[in-house]
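Report on the structure given below.
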Number of protein chains: 4
Amino acid sequence: MANNNTTEERLLTAFSDLVLKYGYRGTTTKKIADVAGVNESTIFRHFKDKHGILNELVNKYLQDADQAANDFKPIGDIELDLIQGAKIYETFTTTHRSVFLIGLRESYQFPEIADAVRQLQQRFKKILVDKFTEMAESGEISSTVDIKNETDNFVLMIFGNVVLSFAYTDAELYIPSNQFLENNVRLFASHLK
Amino acid sequence: MANNNTTEERLLTAFSDLVLKYGYRGTTTKKIADVAGVNESTIFRHFKDKHGILNELVNKYLQDADQAANDFKPIGDIELDLIQGAKIYETFTTTHRSVFLIGLRESYQFPEIADAVRQLQQRFKKILVDKFTEMAESGEISSTVDIKNETDNFVLMIFGNVVLSFAYTDAELYIPSNQFLENNVRLFASHLK
Amino acid sequence: MANNNTTEERLLTAFSDLVLKYGYRGTTTKKIADVAGVNESTIFRHFKDKHGILNELVNKYLQDADQAANDFKPIGDIELDLIQGAKIYETFTTTHRSVFLIGLRESYQFPEIADAVRQLQQRFKKILVDKFTEMAESGEISSTVDIKNETDNFVLMIFGNVVLSFAYTDAELYIPSNQFLENNVRLFASHLK
Amino acid sequence: MANNNTTEERLLTAFSDLVLKYGYRGTTTKKIADVAGVNESTIFRHFKDKHGILNELVNKYLQDADQAANDFKPIGDIELDLIQGAKIYETFTTTHRSVFLIGLRESYQFPEIADAVRQLQQRFKKILVDKFTEMAESGEISSTVDIKNETDNFVLMIFGNVVLSFAYTDAELYIPSNQFLENNVRLFASHLK
DNA sequence: GATGAATGAGCGTTCATTCAT
DNA sequence: TATGAATGAACGCTCATTCAT
């Protein structure tokens, strides 16, 4: 038995962990059961089928996504706002790594997950664009700043780093969170002032 | 019969196409055979096993990767150099979509492919950093430019856009090539002058 | 369902029976399942793989072989001792027909089984030679008897009859057990007195 | 190309050699073609099918078997006659090892070969029994000799040694030809005088 | 006379899922 | 609530055989 949690929780945790390494297909019900310390057939008492486990995680993802989007409230300081956005995005995707990765890897099989992943990105972009537009109108941002494209670039950049960190877990390729926020995001922000 | 090409070519094409949708595991030998219009067992006359098909594509990837890295020769104009780099990177990854995606999605099962994908990224980064450092020393680039981090940001950005375009093929999320080079890369470059 | 035994027992029995007819390779998992009255995949719940079934039988063979060798205790009466030896050898090999035959037929693919079959033969030979040597020393056997070669001949003879009886099951070629012990073994023994 | 012989001869030789190691089933047409140095499909130009190769060898076996039986002409000297019989049997079976082994191993699949192997044994037995009976009638052999059973024992013994030598090629178990004839057969014969 | 390309049947094995207990 | 036994569909792969050249 993996830990003291509910059987259902242990199954969800086992599934999440295994998906990181093996992907959805490679995460067999046998592996899940072994890691969770239960019988394979027990899975089907708690979830309709293998897909049902994923659905549960997707539901949590969607709830948290709303929360994260609501939590992201730019305050009008470009630097702090981009750092805040990057931080929330990174925290959220890390918390929901398995769903994020399935959305990335198996987007064709699970279009609804791919959609969910995309939507989050769009919402973050919109929040930033809206705020920056507002700031541009009030003169806080120079009118020469190309808000739309800069925001696109920013989102691509933080998405790129998250993908690198998840897809190649053991690699030196991605930039660790703190360093990324302090150096890279801050540097990016400096061009918008 | 899918088209007039060699059986081997048809198999490679079928494999590549299916991998985009279904991933490596989901691309069954039966599907490959059906798409290529041959009997399933014919696959094994042309390739040692299923992995052998992938190996063939990886070999081509590695050859082309060398070529692409050699082709990327910055001329000392920041804007043109970044555009050139982004264009070559994008062209190369598009040509080798299937291998790139397998390296991204199934990095755990195929660490050598994940490595190959990573290496390309590092090589591009190094070429840029080397050139920009040289330009900074000769005064063509202001000494205030944070070459290392700017290059990181640039590479994350073009990587992010490539991943988006491949992973969510039918989505409106990624920025189409021409537009990306003209608007986003150019915009990014403008901050380095 | 073939009979009331455990699924595992039914599988082992089915495998054993089929091996006599078809050999190891010819005994397909489908045939085994059909004869045992279970689904083919059920085999793999009970045994790691096809070889695992054989391993199980080989383990039993090895255990029984020790027992058989220990049970064979010549009492110093040549005739009775040869009959006893022949009887134990025949009973043992008959009980483990399938393993014996695989060791004989597929010795190249399963050298460890071939070894096991050989060893039994050597052990029986040694027990006889040791006893007869002891009897020769105590004068119970004439010193003119060529113990080593006579024993070789005896073992070849009983081995030959066992092989005939197993390999050509429906033939009239081999000599049935009782008759063999009463006539042939006894006749052979008569020359050693 | 294996040697200068006819394609057909090379195929037959390749088949014979492979059968010793791998048995009939394990001797794939691909292996045969590789060893013979021809294309796999060439086999089917020379033989109807895989079984056809075996048939060819069986035909030769049957012709030679007649020859061997005719060659075996006991002269009335028990010792020399048994040695002669053992020698011819051994030579013949060695020459036709592959067929002999298939008859032994795959007797169920190829009953006609099993028959052929059995018949040879019966013919040898009959020749010996007939001669010894004749000798008994003429007083050359003591009337106390149990001709039938002694002959059975003798045939089992030489059969046993041949099987050992073929089935466990690399083993020290069987008794090498010369030694077998000089020691074992001679010893056996000594009891009949 | 021989080849190379292709096939279809069948093999051992894995997997998500069901069912009786 | 959970288990252990069993299943059927599918998978990657091998094999003897066919056919056009």
Side-chain angles (χ1 to χ4, degrees), chain A residues 1 6-8 10-11 22 24-33 36-53, chain B residues 1 6-8 10-11 22 24-33 36-53, chain C residues 1 6-8 10-11 22 24-33 36-53, chain D residues 1 6-8 10-11 22 24-33 36-53:
Chain A
M1 213 162 294
T6 313
T7 296
E8 192 161 319
R10 289 211 311 282
L11 285 170
Y22 302 111
Y24 179 81
R25 292 186 77 108
T27 298
T28 66
T29 49
K30 178 162 192 349
K31 279 183 192 157
I32 298 168
V38 299
N39 187 279
E40 202 177 349
S41 63
T42 298
I43 293 172
F44 299 91
R45 285 188 51 76
H46 291 268
F47 303 96
K48 180 178 171 294
D49 51 20
K50 188 181 165 186
H51 201 142
I53 312 177
Chain B
M1 212 162 298
T6 311
T7 296
E8 193 159 319
R10 290 210 313 279
L11 286 170
Y22 302 110
Y24 179 82
R25 291 183 74 118
T27 298
T28 68
T29 49
K30 178 157 192 350
K31 279 184 193 155
I32 298 168
V38 299
N39 185 279
E40 200 177 348
S41 65
T42 296
I43 293 172
F44 300 94
R45 279 184 46 79
H46 291 269
F47 303 95
K48 182 180 172 296
D49 51 21
K50 186 182 163 185
H51 202 142
I53 312 177
Chain C
M1 211 162 299
T6 312
T7 296
E8 193 160 320
R10 290 210 313 280
L11 286 170
Y22 301 111
Y24 179 81
R25 292 184 73 118
T27 299
T28 68
T29 49
K30 178 155 190 355
K31 279 183 193 154
I32 298 168
V38 299
N39 186 278
E40 200 176 350
S41 66
T42 296
I43 293 172
F44 300 93
R45 279 184 46 79
H46 292 270
F47 303 94
K48 183 180 171 297
D49 51 20
K50 185 182 165 186
H51 202 143
I53 312 177
Chain D
M1 212 161 295
T6 312
T7 295
E8 193 160 319
R10 289 211 312 280
L11 286 171
Y22 302 112
Y24 179 80
R25 292 187 77 107
T27 298
T28 66
T29 50
K30 179 165 191 348
K31 278 183 192 157
I32 298 168
V38 300
N39 187 278
E40 202 177 349
S41 61
T42 297
I43 293 172
F44 299 91
R45 285 188 50 77
H46 290 267
F47 303 96
K48 179 177 173 295
D49 51 20
K50 187 181 164 186
H51 201 141
I53 312 177

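Per chain, numbering begins at 1; letters A, B, ... match sequence-line order. Everything numeric here is computed off the predicted structure, so don't read it as measured data.
If you take CG of B:Leu11 and C1' of F:dG12, they are 15 Å apart, rounded to a whole angstrom. Distance D:Phe47 CZ to E:dA2 P: 12 Å, rounded to the nearest Å. Rounded to a whole Å, the CZ atom of A:Arg45 is 14 Å from the C1' atom of F:dG4. Per the geometry, NE2 belonging to B:His46 stands 18 Å off P belonging to F:dG12, to the nearest Å. When the P atom of F:dA6 is taken as reference, atom CD1 of C:Ile43 falls 12 Å away, rounded to whole Å.
Residues D:Leu11 and D:Ile53 fail the side-chain proximity criterion, which asks for heavy atoms closer than 4.5 Å. Inter-residue side-chain proximity for A:His51 and A:Tyr24 is flagged as met; some heavy-atom pair is nearer than 4.5 Å.
Where B:Val38 and D:Thr42 each meet DNA chain E at their nearest nucleotide, the meeting point lying more 5' is that of D:Thr42.
Relative to the six-membered ring of C:Phe44, C:Lys50 misses at least one condition, a distance below 6.0 Å or an angle of at most 45° to the axis.
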Nucleotide pairing, DNA chain F (Watson-Crick or G-U, distances under 3.5 Å), in dot-bracket with [ ] and |:
.||||||||||||||||||||

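C:Ile43 and C:Thr29 make their closest contact through CD1-O, 3.2 Å (heavy atoms, listed as atom of the first residue, atom of the second, distance). Across all non-hydrogen atoms, the minimal contact from A:Glu40 to A:Lys30 is OE2-N, 3.5 Å. Of all heavy-atom pairs between C:Arg10 and C:Gly37, the closest is NH2-O, 4.4 Å. Residues A:Lys31 and A:Gly26 come closest through the heavy atom pair NZ-O, 2.9 Å.
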Counting primed atoms, P, OP1 and OP2 as sugar-phosphate and everything else as base, the B/S/- map of nucleotides 14-21 of chain E against protein heavy atoms under 4.0 Å is BBBBBB--

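Expressed to the nearest 0.5 Å, how far OG1 of B:Thr42 lies from CZ of B:Phe47 amounts to 11.5 Å.
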